[in-house]
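Inspection log for the structure reproduced underneath, given as structure tokens.
What you see is a predicted model, and the numbers here were worked out from it, not measured in a lab. We count residues from 1, following the sequence as given.
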Amino acid sequence: MSGAALHATSGAPLLQVEGLTVAFGRGDAAVTAIEDVSFAVGTGEAVGLVGESGSGKSVTSLSILRLLAPSATIRGGRILFAGRDLVTVPRSEMPDLRGRDVAMIFQEPMSSLNPLMTVGDQIGEAIALHEQVSPQAREARVLELLGGVGIPDAAQRRRAYPHQFSGGMRQRVMIAMALACRPRLLIADEPTTALDVTIQAQVLELMRDIRERTGTAILLISHDLGVIAEMCETVVVMYSGRVVETGRVADVFRDALHPYTRGLLASIPRLDGESRRLHQIPGNVPAPGARPRGCAFAPRCPVKVARCEAERPALTPLAPGRGAACFVAGSEAA
């Protein structure tokens with residue numbers, strides 16, 4: 001893939017996902033995991049992809065990098081990165097793009113790092129894969145990256161193995177690896193899962209600082225709306241494999257349009273006001289092979305109408321920069 005091919009036209013989003021549909025399995029046994037997913041990430045923008053476990057967030061992110069399991073197939077849609085459709089890029093060219101142009105931070109660093117290699121060698125390997133630099137220049141970059149993500153005594157710690165780092169430090173190593181080749185888009189899949197509150201705050205602050213310094217766009221995947229509110233300008237809410245609401249974070253948090261989004265926001269603990277029992281959305285996200293005929297959220301929705309159980313609502317613009325897939329969104333009933 002040539003560098004010229006990766007330059008987006010002026011004003012176009014850096015990443016444009018359009019109607020993405022992914023299924024697992026073959027033939028009549030195939031099950032649709034995500035369907036008609038669309039959203040965009042602008043250059044230097046931070047977009048949050050949020051929803052409960054099983055909503056399709058990780059499948060969406062893995063589709064962007066073509067890292068899906070062999071049993072998965074992209075059945076429809078486009079994934080435009082800087083104007084080029086990644087769905088049609090030959091599989092042999094994808095390793096050249098991963099890490100160099102689009103990088104990913106995975107949920108659990110201990111399962112993503114090689115336990116038999118030092119952290120410095122793993123970061124250096126990422127650089128060597130995409131850039132022709134001398135060993136001395138590569139080593140200098142490794143130390144710079146480790147220092148840049150806040151790992152003290154980088155010259156000594158680069159010789160350590162993953163098990164010799166804490167969970168927070170391993171996540172910092174993963175971030176350093178992701179940034180090794182200065183990608184234009186960073187996909188962070190639950191980057192603070194299983195970290196204590198203090199370390200979580202440090203990791204988020206690190207990502208915010210990196211974005212400000214480098215202009216890297218971020219697609220942040222999380223079930224934590226507090227993290228999305230702190231890090232992102234735009235939020236995309238997913239439920240049961242579909243996008244159910246989109247909009248600016250401030251607008252969605254102030255006045256959510258979809259009953260599912262409202263339920264998620266009501267479930268956030270508050271420090272102000274009187275203590276109260278946390279809101280709970282009844283039921284569970286349906287399995288991909290057991291979705292109802294109409295709106296997937298209808299069995300759990302407190303404001304559903306008859307139409308909701310018979311038809312599947314499309315994502316519809318309801319206000320400037322706002323959209324919701326709901327027949328009652330914006331009504332007094334919602």
Side-chain angles (χ1 to χ4, degrees), residues 1 6 8 13-18 20 22 33-34 37-51 53 55-69 72 74 77-82 84-87 89 94-109 111-113 123 126 129-130 145 149 170-193 195 200 203-204 206-211 214-224 227-228 230-238 243 246:
M1 182 180 301
L6 291 178
L14 178 64
L15 175 72
Q16 181 84 39
V17 178
E18 299 177 350
L20 181 65
V22 176
I34 61 172
V37 170
S38 299
F39 62 89
V41 181
T43 301
E45 184 184 16
V47 174
L49 195 60
V50 69
S53 296
S55 61
K57 306 184 304 296
S58 293
V59 173
T60 300
S61 66
L62 292 173
S63 298
I64 295 170
L65 284 173
R66 303 268 300 278
L67 289 175
L68 293 166
I74 296 178
R78 302 193 300 170
I79 303 172
L80 300 176
F81 178 76
R84 186 171 185 183
D85 188 0
L86 301 185
V87 174
V89 170
M94 287 303 298
D96 193 37
L97 180 141
R98 300 183 194 118
R100 188 192 66 188
D101 298 295
V102 184
M104 188 165 183
I105 304 171
F106 294 92
Q107 289 189 29
E108 176 46 59
S111 62
S112 301
L113 293 169
I123 298 172
L129 182 64
H130 297 289
L145 286 162
V149 297
R170 284 195 294 268
Q171 194 62 286
R172 289 171 182 265
V173 171
M174 287 294 298
I175 294 173
M177 289 180 63
L179 296 173
C181 296
R182 305 178 181 93
R184 299 172 64 187
L185 174 65
L186 177 64
I187 301 173
D189 188 0
E190 301 278 8
T192 58
T193 295
L195 300 179
Q200 173 178 293
V203 170
L204 293 178
L206 173 61
M207 292 177 60
R208 187 183 300 108
D209 178 64
I210 288 169
R211 180 187 168 205
T214 66
T216 298
I218 295 177
L219 177 61
L220 177 60
I221 300 163
S222 180
H223 64 275
D224 189 333
V227 171
I228 298 298
E230 184 178 352
M231 292 291 297
C232 303
E233 293 88 42
T234 303
V235 61
V236 178
V237 183
M238 292 191 67
V243 175
T246 62

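Taking OG1 of Thr234 as the start and CZ of Phe39 as the end, the distance is 11.5 Å to the nearest 0.5 Å. Interatomic distance, CG of Leu86 versus CG of Leu20, reported as 10.5 Å (0.5 Å rounding). In this structure, CZ in Arg170 is found 13.5 Å from CD1 in Ile175, a value given to the nearest 0.5 Å. Distance CD1/Ile187 to OG/Ser61: 6.0 Å, rounded to 0.5 Å. Here the straight-line distance linking atom CG of Asp224 with atom CE of Met231 works out to 12.0 Å at 0.5 Å rounding. To the nearest 0.5 angstrom, Ile221 atom CD1 is 9.0 Å from Ile228 atom CD1.
Among all heavy-atom pairs drawn from Leu14 and Ala217, the shortest one is CD2-CB, 3.9 Å. The two atoms that bring Ser63 and Ile34 nearest to each other are OG-CD1, 4.4 Å, heavy atoms only. Taking all atoms of both residues into account, the shortest heavy-atom contact from Val89 to Met94 is CG1-SD, 3.8 Å. Of all heavy-atom pairs between Ala178 and Met104, the closest is CB-O, 4.2 Å. Listed here is the closest heavy atom pair of Gly77 and Val87: O-CG2, 4.1 Å. Minimum interatomic distance between Gly48 and Cys232 (heavy atoms only, all atoms of both residues): N-SG, 3.4 Å.
Side-chain atoms of Phe106 and Leu62, non-hydrogen and from C-beta on, do get closer than 4.5 Å to each other. Side-chain atoms of Val47 and Leu15, non-hydrogen and from C-beta on, never get closer than 4.5 Å to each other.
Although no hydrogens or angles enter the test, the distance criterion places no donor-acceptor pair under 3.5 Å between the side chain of Ser55 and the main chain of Val50. Side-chain N or O atoms of Arg211 include one that pairs as donor or acceptor with a backbone N or O of Gly44 at under 3.5 Å. Side-chain atoms of Glu45 do not come within 3.5 Å of backbone N or O of Glu233 as any donor-acceptor pair. Under a 3.5 Å cut-off, the side chain of Arg78 and the backbone N or O of Asp85 do not form any donor-acceptor pair. Although no hydrogens or angles enter the test, the distance criterion places no donor-acceptor pair under 3.5 Å between the side chain of His223 and the main chain of Glu190.
For Ser222, there are no side chain to side chain donor-acceptor pair (under 3.5 Å) partners two or more places apart in sequence or in a different chain. Contacts of Ser38 classified as side chain to side chain donor-acceptor pair (under 3.5 Å), with partners at least two apart in sequence or in another chain: none.
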| request: Evaluate side-chain contact (heavy atoms from CB on, under 4.5 Å) for Val149 paired with Val173, printing each intermediate quantity in order. | output: CA-CA 8 Å; Val149 297; Val173 171; over 6 Å; no
| task | Check the pair Ile79, Arg66 against side-chain contact (heavy atoms from CB on, under 4.5 Å), reporting the backbone distance first and the verdict last. | result | CA-CA 10 Å; Ile79 303 172; Arg66 303 268 300 278; 5.9 Å; no
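Paired with Val37 under the rule side chain to side chain contact (heavy atoms under 4.5 Å, CB included), one option of Glu18, Met238, Lys57 passes, and it is Met238.
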